[in-house]
Amino acid sequence: MVKTYSLKTDGSKFLSKHFQVREFACKDGSDKILINTDLIDVLEMLFTHLNCKAINITSGYRTPSHSVKVGGYSTDQHTKGNAADITCKKQDGSLFSSNEICCALEDINHMGGVGRINKTHSVHVDVRGKKCWFDETNGEKTCTSWYTYLGIKKPVSTVKGDVDGDGKVTASDARKILRASSNLEKLTGQAAKNADVNGDGKITPTDARYALRKASGVK
């Protein structure tokens, strides 16, 4: 949902634990600010996933005229309140690389826009409603996996119950385990090891129940 704010009256308002309205204000000094609540949710998930000290919004909402002035378009995602260009600070004060941020957005399964702005630290993220991952340093070449595109080996999850490898246990994982226990789906490698939640060497409906409990936060 896109909401409209005033820099003058709402600037100090917190949108979430780590972000305030003023951080998304257009650099041309305009009072009006559009911000999509889904964008804030994505940024908070990224904040947690990377264990950031801070995420700096280098460009948030843009008026159509300002977006054109800085090299964008009059109807791009920034003008709709759907986008932010960011840098992410580590706990030691150094910055995450743009490669690390892009891969992290893949890790949290962000299905919106992700653009590698440069080869150092800046990344574009938006909630346009469809997957669009692109490299501005290479003629906006698109990709389906940042790990593959950047030649980075994707970490293998060893979390018990996590069979899709995203580092967390969900109801979807539980369903896959249940199907595997009935030979309706074949799990191999680390996925099969993770599916054996109780460690008895077999994949059974009991493992699926354990995974569902983990997904629901039940001890």
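Only a predicted model underlies this, so the values are computations on that prediction, with no experimental measurement involved.
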Would you say the side-chain atoms of [X] and [Y] include a donor-acceptor pair closer than 3.5 Å?
X      : Y      : value
Ser216 : Arg213 : no
Asn118 : Thr137 : no
Ser145 : Glu106 : yes

* To do: For Arg22, enumerate each residue passing the salt bridge (Lys or Arg N to Asp or Glu O under 4.0 Å) test, keeping only those at least two apart in sequence or located in another chain.
  => none
* **With Asp85 via salt bridge (Lys or Arg N to Asp or Glu O under 4.0 Å) - residues at least two apart** => Arg62
Atom pairs and distances, side-chain donor-acceptor, residues 32-39, under 3.5 Å, sequence neighbours left out:
from  : atom 1 : to    : atom 2 : distance (Å)
Asn36 : OD1    : Met1  : N      : 3.2
Asn36 : OD1    : Asp38 : N      : 2.9
Asn36 : ND2    : Asn82 : OD1    : 2.9
Thr37 : OG1    : Met1  : N      : 3.4
Thr37 : OG1    : Met1  : O      : 3.3

* Asked: Does the pair Ser94 and Asp92 meet the rule for a side-chain hydrogen bond (donor to acceptor under 3.5 Å, both in side chains), with working shown?
  -> CA-CA 6 Å; Ser94 63; Asp92 64 5; 2.6 Å; yes
Just wondering, are more than 12 heavy atoms of other shown residues or ligands nearer than 6.0 Å to [atom1] in [X]?
X      : atom1 : answer
Tyr210 : OH    : no
Lys90  : NZ    : yes
Lys176 : NZ    : no
Lys89  : NZ    : no

Shortest non-hydrogen separation from [X] to [Y] and the atoms involved:
X      : Y      : answer
Cys52  : Ile55  : SG-CG1, 3.9 Å
Asp28  : Ser30  : OD1-OG, 2.7 Å
Lys202 : Asp207 : O-OD2, 2.9 Å
Leu46  : Cys88  : CD2-SG, 4.1 Å
Lys168 : Asp162 : O-OD1, 3.2 Å
Leu50  : Phe96  : O-CZ, 3.4 Å

For the atom pair [atom1] ([X]) and [atom2] ([Y]), what is the distance rounded to the nearest 0.5 Å?
X      : Y      : atom1 : atom2 : value
Gln77  : Cys132 : CD    : SG    : 9.0 Å
Asp164 : Ser157 : CG    : OG    : 8.5 Å
Leu95  : Glu100 : CG    : CD    : 10.0 Å
Ile203 : Asp200 : CD1   : CG    : 10.0 Å
Leu150 : Ser98  : CG    : OG    : 8.0 Å

For the residue pair [X] and [Y], establish whether any side-chain heavy-atom pair is separated by less than 4.5 Å.
X      : Y      : result
Ile86  : Ser122 : no
Lys154 : Asp107 : yes
Gln20  : Lys13  : no
Lys17  : Phe47  : no
Ile177 : Leu212 : no
Tyr61  : Val21  : no
Leu178 : Pro205 : yes
Cys102 : Val123 : yes

With hydrophobic residues grouped by side-chain heavy-atom distances under 4.5 Å, do [X] and [Y] end up in a single group?
X      : Y      : value
Val70  : Val125 : no
Ile40  : Met111 : yes
Leu187 : Val156 : no
Val159 : Ile108 : no

* Structure fact -> Result for side-chain contact (heavy atoms from CB on, under 4.5 Å) between Ser74 and one of Val68, Thr79, Thr63 points to Val68
Is the backbone of [Y] close enough, under 3.5 Å, to the side chain of [X] for a donor and an acceptor to pair up by distance?
X      : Y      : result
Thr87  : His121 : no
Asp173 : Val163 : yes
Thr48  : Glu44  : yes
Lys160 : Lys193 : yes
Gln91  : Asn51  : yes
Ser6   : Lys8   : yes

* To do: Among residues two or more places apart or on two chains, list those pairs meeting salt bridge (Lys or Arg N to Asp or Glu O under 4.0 Å) that have a residue in residues 121-141.
  => Arg116-Asp135, Asp126-Arg128
* To do: Given side-chain contact (heavy atoms from CB on, under 4.5 Å), test Phe19 with Leu43 step by step and report yes or no.
  => CA-CA 9 Å; Phe19 300 100; Leu43 294 176; 3.7 Å; yes
* Taking only residues two or more places apart in sequence or in another chain, which ones pass ring pair (Phe, Tyr, Trp, His ring centres under 6.0 Å) with His124? -> His78, Phe134
* Scan residues 147-184 for pairs that pass ring pair (Phe, Tyr, Trp, His ring centres under 6.0 Å), counting only residues two or more places apart or in two chains. => Trp146-Tyr149
